[in-house]
Amino acid sequence: MADLDFTHRYAGGFPKIGIRPVIDRRKQVKAALKGMTMALAHEAAAVISSSVRNPDGSPAEVIVFDTCISGLPEAARCSEQFRKAGVGVIVTVASGWCYPLETMETDPSLPHAVWGFNGTGRPGAVYLAALHAAHNQKGLPVFKIYGRHIQDSGERSLPEDVQDKLTRFARAGLAAALLRGKSYLSIGSVSMGIAGCVVNEDFYRHYLGMTNAYVDMTEVTRRLDAGIYDPEEFKIAMDWVSRFCREGPDPNAEEERIPADRKRANWATSVQMAMIVRDLMTGNPRLAQLGFEEEAYGYNAIASGFQGQREWTDHNPSADVLEAVLCSSFDWNGIREPYTVATENDNLNAVTMLFNHYLSHTAQIFADVRAYWSPETVRRVTGWTPEGPAAGGFIHLINSGPAALDGTGEQRREGQPVMKPHWEISGEEAEACLAATSWRPTYMDQFAGGGYSTDFTTRGGMPVTMSRINLVDGLGPVLQLAEGYTLELPEDVHDALDLRTTPTWPTTWFVPNTVPGDPVFEDVYAVMEAWGSNHCAVSYGHIGADLITLASILRIPVNMHNVGRSRLFRPSAWSAFGTKDPEGADFRACAAYGPLYS
């Protein structure tokens, strides 16, 4: 697989995480605690850099300010140094008492956490309490990291609970910082009247710090007709298709099937579409070498959506190939970070996929939330009585194109099916995902222009999180999520249920974790009934707690989740809005503070 030269999709590099060591400015105290404070700051930096990754797999870069901050002059110098260095997330570390109003960081757009060393010799925890109170009084939410157990004054290590909160905050803060200044590229407009396709610029600008770019689908046609793509890469891609993309049975009646020569042409067009959409997102310097200087720029897009239906698909090959290939962790150029491309231009699902990807670093499954199968209905239709994890029924997740091929579950860790960050995937695992995928000609009554869809079934037993952002008039954005597991049905049961819908599309059988007494998670049906849209994003791992932390940074309330209360980590001010009802407090806090970039 060729190593082609593509523009880095994160123009300007990755945001950094800044550590602010803060200290009492009284001479004797400062002399006594300077060494300990700097040691704790560097230990915090080591924990973060060893646990938090950039999207390319490199360790998150952590900068420790070069001196302890004891007053306003040093605080201002630290702010300026961090600004020039591209710091997007801040952690303040203190081992004893300091002067809160004179040492605090007041940039409201930077996610900020404070850890105060919990020792009785020096009141770091007291400074923590005073500083977070100052932040709350000034309307600057901050995450409070307070270790459960008192440490001895000579200790330099971070307790496990402190490490957990520190890395959770750093992951979520970095995810928020990665969004800032980037764009969502809308290719086309609204697909089949789906409201999630409507790009709400206020949401992107105020909540995410992003901008929006728009390209009509005729631009893809122009580039196809004019050959505005790399012909050398195209040859490599078509060879890869012939070697690794197994064509499955044609589901159409004999008289409706596309001739073989047109199918071959559709493969070529589908591959060219994938190259063109990627080039539109991130640019491609090779195009400039070919004489297409303007087209080489791209739109600095970390996510995009392709309208497709029906203005495109009624007479051109569907976008399923481009979506499935770009959303996966590998293609004809090898293993690389997945792109985020939403089918039907559902930009709200694209943003959800971005959240999931930046927190898990894995490829995402885009799916319709198609149907809840009750155990009674499964028994009636198939004669099989669901048992074990399936005993309470399950949800059928299925959609035509953008489920990443990683979703086959053919990657392995300790013998178990997983979806890995791209830097952990082997060539053999990528080929196993391809081997488990059948590329099926599309139904002509759905996609009259032909093309191919991916047909696979996700391996069972994988922990996953299903999530979705919705926009609600009068409320704004809300996030919903459900942690659970993928399910593997007996083959004949799968066939009986899958054949009732579109069998040429990838299927994931999903069982959410239920919570007795919770009206939304009492049973599987309640989860399906409460879901807020026709689409969802599915990420490997139980990342619900990280999603909730990220949502609180962006001031997006969470209206549905099954994450235990002990795993919730939000800014300390949220408790001032109510402690007995965390969900209600979340809504009140987000409304009071408003979006991060308002």
Side-chain angles (χ1 to χ4, degrees), residues 191-192 194-198 303 305 320 323-324 327 338 340-360 362-373 393-404 406-409 419 454 456-458 462-472 477-487 498 501-502 505-514 520-521 523-544 546-548 550-551 556-563:
S191 174
M192 299 188 298
I194 298 173
C197 310
V198 177
D320 290 1
E323 293 159 353
C327 287
T340 296
V341 184
T343 196
E344 296 162 350
N345 198 27
D346 183 351
N347 64 96
L348 293 178
N349 220 48
V351 170
T352 312
M353 292 166 73
L354 269 182
F355 284 10
N356 292 349
H357 172 61
Y358 284 155
L359 294 173
S360 71
T362 59
Q364 300 297 304
I365 297 173
F366 180 121
D368 278 348
V369 185
R370 181 60 61 94
Y372 162 69
W373 280 96
F394 43 83
I395 296 173
H396 192 180
L397 304 177
I398 182 172
N399 196 275
S400 59
D406 307 57
T408 56
M419 296 170 66
T454 53
F456 65 77
T457 305
T458 301
M462 292 197 297
V464 295
T465 302
M466 180 175 81
S467 56
R468 168 77 184 185
I469 290 174
N470 296 300
L471 290 179
V472 180
V478 291
L479 174 70
Q480 55 184 171
L481 64 93
E483 295 183 338
Y485 290 85
T486 60
L487 184 68
D498 199 46
T501 178
T502 309
W505 293 353
T507 279
T508 302
W509 302 109
F510 172 68
V511 178
N513 295 335
T514 55
V520 179
F521 288 93
D523 56 26
V524 179
Y525 170 79
V527 174
M528 173 75 185
E529 197 275 335
W531 203 251
S533 180
N534 53 310
H535 291 151
C536 73
V538 179
S539 179
Y540 180 81
H542 288 161
I543 62 169
D546 286 350
L547 278 169
I548 290 170
L550 172 58
I556 298 174
V558 181
N559 70 309
M560 170 182 172
H561 72 82
N562 56 351
V563 176

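Quantities reported herein were computed from a predicted structural model and do not represent experimental measurements. Heads up: numbering here begins at 1 and tracks the sequence.
Thr340 places none of its side-chain heavy atoms less than 4.5 Å from the side chain of Gln364. Side-chain contact check for Trp373 versus Trp509: some heavy-atom pair is nearer than 4.5 Å. At least one side-chain heavy atom of Trp531 sits under 4.5 Å from a side-chain heavy atom of Met466. You'll find the side chain of Ile548 reaches within 4.5 Å of the side chain of Leu481, heavy atoms only. Val558 has its side chain out of reach of Val478: every pair of non-hydrogen atoms, C-beta onward, lies at least 4.5 Å apart. Put simply, the side chain of His561 does not reach to within 4.5 Å of the side chain of Gln480, judged on heavy atoms. Inter-residue side-chain proximity for Thr458 and Pro506 is flagged as unmet; no heavy-atom pair is nearer than 4.5 Å. Looking at heavy atoms from C-beta onward, Ser191 lies out of side-chain contact with Asn345 at the 4.5 angstrom threshold.
When atom types are taken as modelled, the side chain of Asp546 and the backbone of Leu359 share no donor-acceptor pair closer than 3.5 angstrom. Remark: side-chain polar atoms of Thr352 are not paired, donor with acceptor, to backbone N or O of Ala537 under 3.5 angstrom. Under a 3.5 Å cut-off, the side chain of Glu483 and the backbone N or O of Val563 do not form any donor-acceptor pair. Put simply, the side chain of His542 never gets that close to the backbone of Pro463: no donor and acceptor are under 3.5 Å apart. Between the side chain of Asn562 and the main chain of Asn513, a donor-acceptor pair closer than 3.5 Å is present. A donor-acceptor pair under 3.5 Å is absent between the side-chain atoms of Asp368 and the main chain of His535, judged by distance alone.
The two residues Leu479 and Ala551 come nearest to each other via the heavy atoms CD2-CB, 4.0 Å. Residues Val524 and Gly393 approach most closely at CG2-O, 3.7 Å, considering heavy atoms. Listed here is the closest heavy atom pair of Ile395 and Pro512: CD1-CD, 4.5 Å. In this structure, Gly541 and Thr465 approach most closely via the heavy-atom pair O-OG1, 2.7 Å. Phe510 approaches Ala482 most closely through the heavy-atom pair CZ-O, 3.6 Å. Taking all atoms of both residues into account, the shortest heavy-atom contact from Ala404 to Ala363 is CB-CB, 3.5 Å.
Exactly one residue among Thr501, Thr502, Asp498 makes a side chain to side chain donor-acceptor pair (under 3.5 Å) with Thr507. That residue is Asp498.
Once rounded to the nearest 0.5 Å, the distance linking CG of Asn470 with CE of Met560 reads 10.5 Å. Between the CZ atom of Phe521 and the OG1 atom of Thr514 there is a distance of 10.0 Å, given to the nearest 0.5 Å. A distance of 6.0 Å separates CD1 of Ile543 from OG of Ser467, quoted to the nearest 0.5 Å. The distance from atom OH of Tyr372 to atom CG of Asp523, rounded to the nearest 0.5 Å, is 6.0 Å. The CZ atom of Phe355 lies 4.5 Å from the CD1 atom of Ile556; values are rounded to the nearest 0.5 Å. For the atom pair CG of Leu397 and SG of Cys536, the computed distance is 4.5 Å after rounding to the nearest 0.5 Å.
Salt-bridge formation is detected for the pair Asp346/Arg468: a Lys NZ or Arg NE/NH1/NH2 atom is positioned less than 4.0 Å from an Asp or Glu carboxylate oxygen.
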_Evaluation steps, side chain to side chain contact (heavy atoms under 4.5 Å, CB included), between Ser539 and Val464_ = CA-CA 5 Å; Ser539 179; Val464 295; over 6 Å; no
*Could you walk me through whether Leu348 and Leu471 pass the side chain to side chain contact (heavy atoms under 4.5 Å, CB included) test, one step at a time?*
CA-CA 8 Å; Leu348 293 178; Leu471 290 179; 4.0 Å; yes
_Between Trp505 and Arg370, is the side chain to side chain contact (heavy atoms under 4.5 Å, CB included) condition met? List the steps._
CA-CA 12 Å; Trp505 293 353; Arg370 181 60 61 94; 3.2 Å; yes
*Any chance you could lay out the side chain to side chain contact (heavy atoms under 4.5 Å, CB included) test for Asn356 and Leu547, step after step, and finish with the verdict?*
CA-CA 7 Å; Asn356 292 349; Leu547 278 169; 3.5 Å; yes
